[in-house]
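Notes follow once the structure below has been shown.
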Amino acid sequence: SFNMSFSEAEVQSARGAWEKIYVDAEDNGTAVLVRMFTEHPDTKSYFSHFKGMDSAEEMKQSDQVRGHGKRVFTAINDMVQHLDNSEAFLGIVNPLGKKHATQLKIDPKNFRIICDIILQLMEEKFGGDCKASFEKVTNEICTHLNNVYKEEGW
């Protein structure tokens with residue numbers, strides 16, 4: 001079984017960084033999605049109910065956008081709690097990747113986009129150290145999601 005190469009110190013600082021942004025999971029999750037839809041409008045095509053929304057303000061108010069923003073943050077939170085347990089970590093990442101690859105057919109590059117926006121937001125709100133503490137986590141998440149996609153024949 002694979003082992004993630006996080007030292008105890010890295011796990012602790014990544015969790016500390018994540019907690020700062022996760023405190024406002026719904027608002028920050030929404031902000032991340034709104035930024036993604038605004039800066040990468042093609043990503044809206046995956047969400048039938050977001051397609052017609054052009055203004056960031058309208059997206060921010062949408063229950064669907066807010067709901068999905070919160071779901072994204074909850075999933076990442078589950079992963080962050082299991083950085084020191086690779087089996088549990090993969091138990092979250094694998095079904096998530098599988099669902100997005102097979103049912104939703106989401107291009108895996110979108111995971112990198114979301115992770116990069118989360119890192120941007122961390123830096124804007126809490127500074128470069130916060131971002132740096134979390135960068136390895138986002139790389140790990142994206143790597144494993146991409147592996148799931150490869151297994152599914154993408």
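Taken to the nearest 0.5 Å, the CG atom of Asp84 stands 12.0 Å off from the CD atom of Glu10. Considering CD1 of Ile92 and OG1 of Thr74, their distance stands at 11.5 Å, rounded to 0.5 Å. Between the CD1 atom of Ile117 and the CE atom of Met122 there is a distance of 13.5 Å, given to the nearest 0.5 Å. For the atom pair Ile118 CD1 and Tyr22 OH, the distance stands at 12.0 Å (nearest 0.5 Å). Phe6 CZ to Leu83 CG: the interatomic distance, rounded to the nearest 0.5 Å, is 5.0 Å. Between the CG atom of Asn110 and the OH atom of Tyr46 there is a distance of 5.0 Å, given to the nearest 0.5 Å.
For the side chain to side chain donor-acceptor pair (under 3.5 Å) test, no residue two or more places apart in sequence or in another chain qualifies with Gln103. Remark: Glu124 engages Arg35, Gln120, Leu121 in a side-chain contact (heavy atoms from CB on, under 4.5 Å) (not counting sequence neighbours). Listed by chain and residue number, Phe47 satisfy the ring-ring contact (aromatic ring centres under 6.0 Å, His included) test with His68 (two or more places apart in sequence, or in another chain). Under the side chain to side chain donor-acceptor pair (under 3.5 Å) criterion, Asn147 pairs with no residue, sequence neighbours left out. Applying the side chain to side chain donor-acceptor pair (under 3.5 Å) rule to Glu58 yields no partners; only residues at least two apart in sequence or on another chain are considered. Scored by the side-chain contact (heavy atoms from CB on, under 4.5 Å) test, Gln12 finds Glu8, Arg15 as partners (sequence neighbours excluded). A search for side-chain contact (heavy atoms from CB on, under 4.5 Å) contacts involving Asp42 returns His40, Lys109, not counting sequence neighbours. Taking Asp78 as the reference, nothing meets the salt bridge (Lys or Arg N to Asp or Glu O under 4.0 Å) condition, with sequence neighbours excluded. In this structure Asp24 satisfies the salt bridge (Lys or Arg N to Asp or Glu O under 4.0 Å) test with no other residue, sequence neighbours excluded. The side-chain contact (heavy atoms from CB on, under 4.5 Å) check on Phe111 picks up His100, Pro108, Cys142, Leu145, Tyr149, with sequence neighbours excluded.
No more than 12 heavy-atom neighbours from other residues, nucleotides or ligands sit within 6.0 angstrom of CG on Asp129.
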| said: Before you tell me yes or no, could you show the steps for Met79 and Val93 under side-chain contact (heavy atoms from CB on, under 4.5 Å), namely the whole-Å CA-CA distance, both residues' side-chain angles and the distance that decides it to 0.1 Å? | reply: CA-CA 7 Å; Met79 295 173 201; Val93 173; 3.9 Å; yes

| request: Decide yes or no on side-chain contact (heavy atoms from CB on, under 4.5 Å) for Leu119 and Asp116, but give the supporting numbers first. | output: CA-CA 5 Å; Leu119 292 173; Asp116 286 343; 4.3 Å; yes

| task | Could you give me the CA-CA distance, side-chain angles and deciding distance for Met36 and Ile114, then say whether side-chain contact (heavy atoms from CB on, under 4.5 Å) is met? | result | CA-CA 7 Å; Met36 177 174 78; Ile114 282 198; 3.5 Å; yes

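When every heavy atom of Phe89 is checked against every heavy atom of His144, the shortest pair comes out as CE2-CD2, 3.7 Å. Taking all atoms of both residues into account, the shortest heavy-atom contact from Ala14 to Val137 is CB-CG2, 3.6 Å. Across every non-hydrogen atom of Thr30 and Arg66, the tightest pair is OG1-CA, 3.4 Å. Taking each heavy atom of Thr38 and Ala56 in turn, the nearest pair found is OG1-CB, 4.4 Å. Heavy-atom minimum distance, Pro95 versus Leu90: CD-O, 3.8 Å.
Taking 4.5 Å as the limit, every side-chain heavy atom of Glu39 sits out of range of all side-chain heavy atoms of Ile113. Contact of the Asn77 side chain with the Phe73 side chain is not registered, since no non-hydrogen atoms from C-beta on lie closer than 4.5 Å. Contact annotation: the side chain of Met53 approaches that of Ser62 to within less than 4.5 Å [non-hydrogen atoms, C-beta and beyond]. With contacts defined as side-chain heavy-atom distances shorter than 4.5 Å, the pair Val80/Glu19 does not qualify.
With hydrogens and angles ignored, the 3.5 Å screen pairs no side-chain donor or acceptor of Asn146 with any backbone N or O of Thr143. Side chain of Lys105 to backbone of Thr102: a donor-acceptor contact under 3.5 angstrom is found. Between the Lys125 side chain and the Lys20 main chain, no donor and acceptor come within less than 3.5 Å of each other.
Side chain to side chain, Asn139 and Glu135 fail the donor-acceptor criterion of an N or O pair below 3.5 Å.
Using a 4.5 Å cut-off between side-chain heavy atoms of Ile, Leu, Val, Met, Phe, Trp and Tyr, with links allowed through other members, Ile21 and Val23 fall into different hydrophobic clusters. One hydrophobic cluster, built from ILVMFWY side chains closer than 4.5 Å, cannot hold both Ile76 and Val148; they sit in different ones.
Residue pairs meeting the salt bridge (charged side-chain N to carboxylate O under 4.0 Å, His left out) criterion with at least one member in residues 144-154, sequence neighbours excluded, are Lys98-Glu152. Evaluation of the ring pair (Phe, Tyr, Trp, His ring centres under 6.0 Å) test over residues 117-142, restricted to residues two or more places apart or in two chains, returns Trp18-Phe134.
The pair Lys70-Asp27 does not count as a salt bridge, with every side-chain nitrogen at least 4.0 angstrom from each carboxylate oxygen.
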